[in-house]
Amino acid sequence: MTKDVLVRYQSEDGEIKTEAFDIVALSTGSEPAAKAADLAGRLGIELNEWGFCKTEKFNPLQTTMPGIFVCGTFAGPKEISETLAEAAGAAAGALQFLSPVAGSLSPAPEYPPERSVSGEKPKVGVFVCSCGEEISKVVDLDQVVSHAQRLPDVAYVEKVAYACDPDTRKQIAGKMNELGLNRLVMAACSPRTHESMFQELLRQAGLNSNLVDIANLRDQCAWVHVDEPEMATLKGKDLTAMAVARARLLEPIETYVVEPKKSVLVIGGGATGMSSALAIAQEGFGVTLIEREAELGGNLRRLYSTAEGADPQQFLKELIREVESNDRITVMLNTELVKSTGSAGDFRSTVATMVAGNGGSTETEIEHGATVVATGAVESRPGKYGLGQDDKVITQQDLEAVIAQHSERIKSANSIVMIQCVQPEDQAEAYCSRVCCTAAVKNAIRIKELSPRTDVYVLYKDMMTYGFREQYYTEARRRGVVFVRYSDDRQPDVRLEAGKLRVVVEDPILGERMALQSDLLVLSTSIRPAETNTGLASVLSLPLSREGFFLEAHLKMRPTDFVAPGIFLAGMAHYPKFVDECLSQAAGVAAGVAGLLSKDQAKFRGEVATVDATKCAACLTCVRVCPFDVPFINAEGVAEVDPKKCQGCGTCSGECPAKAIRLFNYYDAQVLAKTKALAGQFVKIGEVAAIGE
Amino acid sequence: MENEAEKSPNGYEPKVVAFACQYCAYSAADLAGPTGLQYPANVRLVKLPCTGKLDVLYILDAFENGADAVFIAGCLDGNCHHVEGPLRAKRRLVLANKILNELGIGADRLGMYQMSGGESIRFVEAAREMTDRARQLGPSPLNQRKSAANE
Amino acid sequence: MIIAEQKTLEEIKQIVAGYNKLLVVGCGTCVTVCFAGGEKEVGILASELRMARQMDGQQLETVERTIQRQCEWEFVDQLKDAIEDCDAILSMGCGVGVQGLAERFPTKVVLPALNTKGMALTVQEGLWAERCAGCGNCVLDKFGGVCPIARCSKSLQNGPCGGSVNGKCEIDPEIDCGWQLVYDRMKAINMLDKLYEVQEIKDWSTARDGGPRRINREDLRL
Amino acid sequence: MKAGSNLERVLEAGHFAVTAELGPPKSADAKVIHDKAETLKGNCDAVNITDNQTAMVRMSSIAAGTIALQHGLDPVIQMTCRDRNRICMQSDLLGAYALGVRNVLCLSGDHQRFGNHPQAKNVYDVDSMQLIRMVKNMRDEKKFQCGEAIKVEPRFFIGAAANPFADPFEFRPIRLGKKVAAGADFAQTQLVYNVEKFINFMEIVRKMGIHEKIYILPGVGPIKSGKAAEMMATTVPGLEVPDEIVQRMKKAEDPKAEGISICLEIIDRVRQIPGVAGIHIMAIEWEKAVPDIVQRAGLLPRPVIEVVEEPQEPPAQKPA
């Protein structure tokens, strides 16, 4: 008995195959939580036909009961980042009811007063986390522990199971206190995800939050060296030693306080931009909404129906009316961002408004505490299959207008063919545009509703009508829409013969070539990032993905943030999305903005460059190399860096020939401590005069 | 793993130090595990806020302290959070390469890779390539001299 | 500012051969600005030299210090404590700095790590170009503010030689013809006619040709 | 008569003068000079003895000039500012005069970067303009540069160089004018291949009246091969060889013959230009071509002018 699992399945060419597998993983669908109906009943909210929370297309976070919001998978199956955006959005929804007191209620955690560690010899506590078994099943933590015990200034070493567990953190904080430890080394997971947690721990222990270094034993050791336990253990010891070496030299961080400007710049006047502007305005902040085009609405202007039946044009009209009548919102049309400086809470931007007629523009300076990027995306129009050459070849967005405004064209058509996944030749990266399958299915149904006799063919590679949208696919099939799959190596062939479109496609299941006469050929073209993204990314110093969309701070955990504080992201500027998804994210952004601006003081950790005036030769190197034009030569004739503007990249300190500029947390001595630790070298604390020197 | 077999019989395991930008390469390295990727355990990352912070001294110090190979891992050109970090880093490598060649350590022990924060595969390729190179080149001549001196 | 650049590693290695504990001294003014001998370069060179020595199977100990100016006794004196147990001082200052250290520490070996190149301005980050030859008798009033002594390869004072082509000097296409610059400037400020005068033979006694120069300000000296 | 050299007498007499270049050897071999002198004898009015041309060490121009004198040639010794300071220059001038040399051509000199001693320290104590003035003051004021009197002064016919092809072009005639003001009696130019540009130059020179104050001898010379033509066109700063000539040289079946015929064409054209007082043939390391060129240009025989106290006829163009 091998205990293999035998799987019998039918291959594409119809052959029945049987194959043996060691493991079979089933991707099962998600269903509402068992007690969802119960809860819904008690809250008085309605559920949809699948038992998930019922929502409306254009109000995706609102339950049927005013004042009750929904987020996450209770409203339908979805991805982590979406649930997080929705969570923030639902919070923003709730905030609307609390706007007069927004922010003042947020419970500031109570911390003991901070103990000064200046003048103290480093006393390092090393806590080695097994992360359940995630780390310990690869790395021999006992060896790490005994190695750590021999490192200089290490006063205490302990192995813990889950350092992220609140109780464990409390215990660690207690231990720090009890033993008078003044530096913390966590041999655990990635600082990217957990540093702030351990910083908080230090504050609980009455220490400055900066006195921690993390040895990334999980993400950068155990998880990636599964098959080399001995080498991984060796590396684990090194990483811990490197962390200890740097921790010994860490200094308390100063926090800079800014009184945030209570206003927001929203870039993009589509559905996303407008709804985030509204949500932000409802929180009590002023909004300047800039739109490149001459009118508001963006892509939504060209959307005439939704699969779910809601009327986008009606919604749009309402939205524009609300935005225009809101006295906290200033709308600027024909306007683009040309310059933006400053930092979270205190931005200063210049926008240019095209003056009609003369081709010139006027510039306006705007002060704002936060920025929202909601610049959308565009349907591409590649010159494929005759698009742009023959008016019988149109895009899915064109079809929206034809159905809504020229239904006679539909009614007179005998046959309409749609081709999915049409990507421009010059599109470097292949990606799924997510909305086009549903759009095709929706429009196919509309065609069938208008003209049941018209044949509709959808040539597709892969139909992705995810979530509840699957019902429309079923509906379309029921109405007789024919779906024909094609593959990348056998793309449909379109010819114009005697004024008629002839589409030839090879049906992989039948293995036969089908020739379809077509009165209208509809292409589902890929949704492209706006061409202005590159310029805007450079003005705002923001990263773009390889595809050219804006890149959020974290793929899963921070879907509406950029790494740069104070700048937020929503809608199709991020990647192609449905309207409801855009609106959820827009609401999420409003929550992020409120979190930043509702406080009287926004605090920023001073991971910034500082100049040692006694060493500065005023050589201007920093002035020349800073990508953000921050350093300047001050009245005393030496370089100066405004900590509120410094982005903390360290370019100036990397280049300064006098070593007069140091970047907090990346002092040379601190960085070099890590490489020296590799060779078992640890500087004597007294020898590093002021650490940065 | 394919590298396993190549691990040298005399027990030489190269030490590879990577200076990684926190926005891209450090994140790419973090994401390798969850994406099901593995790379040689010889690589130790030192996090930088940006490759613009890179100092030639860091590279020299890594070699002086026993690294057999060093690589810089930064953002893609035009996609740097701080605009031109990788461009600066590349300029600084010009000097570092010159020094390594003059010293006889060899600039081929120093590499530069660029990736976005999500491209763990690129990070893994970089880690493998530099580790393989360090294996092929053998221990850094500095380490050879040192061990010879100790014997 | 004075510009200088580092000697080759090979040359410095030979210069410091035989010394086992070196005090590497940077200078915080001119040579810092031209990336030749500031604190950053001190760190890099010290590391290079240690590794170079290690490559030869030997050891070198370095002590790294950077003072504000090696041409001032008060700053030079700050090195006193570090000097005693070093075999030699490797100065990363200009030629003045090296001699400053040598004069102040008469019994110590002081070695140069830089080649001093002259007086220059920063054309752009990483590019410095000579502007003054220190002739001791400034003639810039006659040449529209462009010095033909420093900027013409032949120090001609009466116009360009026959090697001036497309604004470049015959000796190097990277070097501007000093006389083209003079000509353009004089034209721009409407003073071309000044160039018609024959410049008499120059008195070089004010330059280094007249012997080591010094400036003596009796009003300042005690 | 300022110096009474053959060259001065020929020019004063209004003849179309011919000078040729005689390059001293890179050795101590006097025979080379003797041979070259024999070749040139009777084919020119004076021979220019180059002074460590292109900064390559060669036999001293004064020494080689003295040998040329033995063959009855009238040497124009060249003197650059690169290798001598004012003390040495004046000393050499006294010696050269004592040995019978009567012409001197004052030059800046090629930078040593191109020569065989690029590590040398150059002098440039004095520039070519100042050298001209110094030679003139020694002759006319009987004074050393420092102002001290000279008992027996050296009397030289003073030559200057001019390059109509270098930049800035507008300054070139002015610079020649300055040399006249400094005291130059005659000027020899860089090799002329771009005749059009030289015509332009002369036009400005005439407008400024310079040609009335100085004898101008454009430099001409035969090119030996297509490769040489290309090299001259691309690598020699301040020398202009039009593409048309390069092409002709490259296509020629007998490049040497073609080189000579191009040279003859150019001589023919520059002779027509008002203000041109003669030609200076620079057949670099190809002195043997000179007799042929002079003969075919119809410039033979060279005039023989008796040495007399005063000129017998008034000169056509009298320098001021």
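All values below were derived from every heavy atom in this structure, side-chain atoms included, with hydrogens, water molecules and symmetry-related copies excluded.
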Check the pair B/Leu60 / C/Glu48 against side-chain contact (heavy atoms from CB on, under 4.5 Å), numbers first and verdict last. CA-CA 7 Å; B/Leu60 298 185; C/Glu48 277 183 73; 4.2 Å; yes
Applying a criterion of heavy atom separation less than 4.5 Å, what residues of residues 102-121 of chain B form contacts with chain C?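 Residues of residues 102-121 of chain B touching chain C at under 4.5 Å: B/Glu102, B/Leu103, B/Gly104, B/Ile105.
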Is chain B contacted by the side chain of C/Lys40, its backbone, both, or neither, given a heavy-atom distance below 4.5 Å?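 For C/Lys40, the side chain is the part near chain B, not the backbone.
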Identify the heavy atoms of C/Ile44 and B/Val56 that sit nearest to each other, and give their distance.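 Between these two residues, the closest heavy atoms are CD1-CB, 3.9 Å.
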Could you report the tightest heavy-atom contact between B/Leu57 and C/Gly43, atom names first, then the distance?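 For B/Leu57 versus C/Gly43, the nearest heavy atoms are CD1-O, 3.4 Å.
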Distance in Å, C/Arg53 CZ paired with B/Leu142 CG, rounded so as to fall on 0.5 Å steps: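 Reported value, rounded in 0.5 Å steps: 13.5 Å.
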Got a sec, which pairs hit salt bridge (charged side-chain N to carboxylate O under 4.0 Å, His left out) with one end in residues 25-39 of chain B, sequence neighbours left out?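 Non-adjacent pairs meeting salt bridge (charged side-chain N to carboxylate O under 4.0 Å, His left out): A/Arg192-B/Asp30.
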For [X], does the [atom1] atom have more than 12 heavy-atom neighbours from other residues, nucleotides or ligands under 6.0 Å away?
| X | atom1 | result |
| --- | --- | --- |
| C/Lys21 | NZ | yes |
| C/Asn166 | CG | no |
| C/Arg213 | CZ | yes |
| C/Gln59 | CD | no |

Taking ring pair (Phe, Tyr, Trp, His ring centres under 6.0 Å) as the cut-off, I'd like each qualifying pair that reaches into residues 103-156 of chain C, sequence neighbours left out, listed once.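 Every ring pair (Phe, Tyr, Trp, His ring centres under 6.0 Å) pair that includes a residue of residues 103-156 of chain C, provided the two are not neighbours, is C/Phe143-C/Trp179.
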All pairs passing ring pair (Phe, Tyr, Trp, His ring centres under 6.0 Å) where residues 13-51 of chain C contributes a residue, at least two apart: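 Pairs touching residues 13-51 of chain C that pass the test: none.
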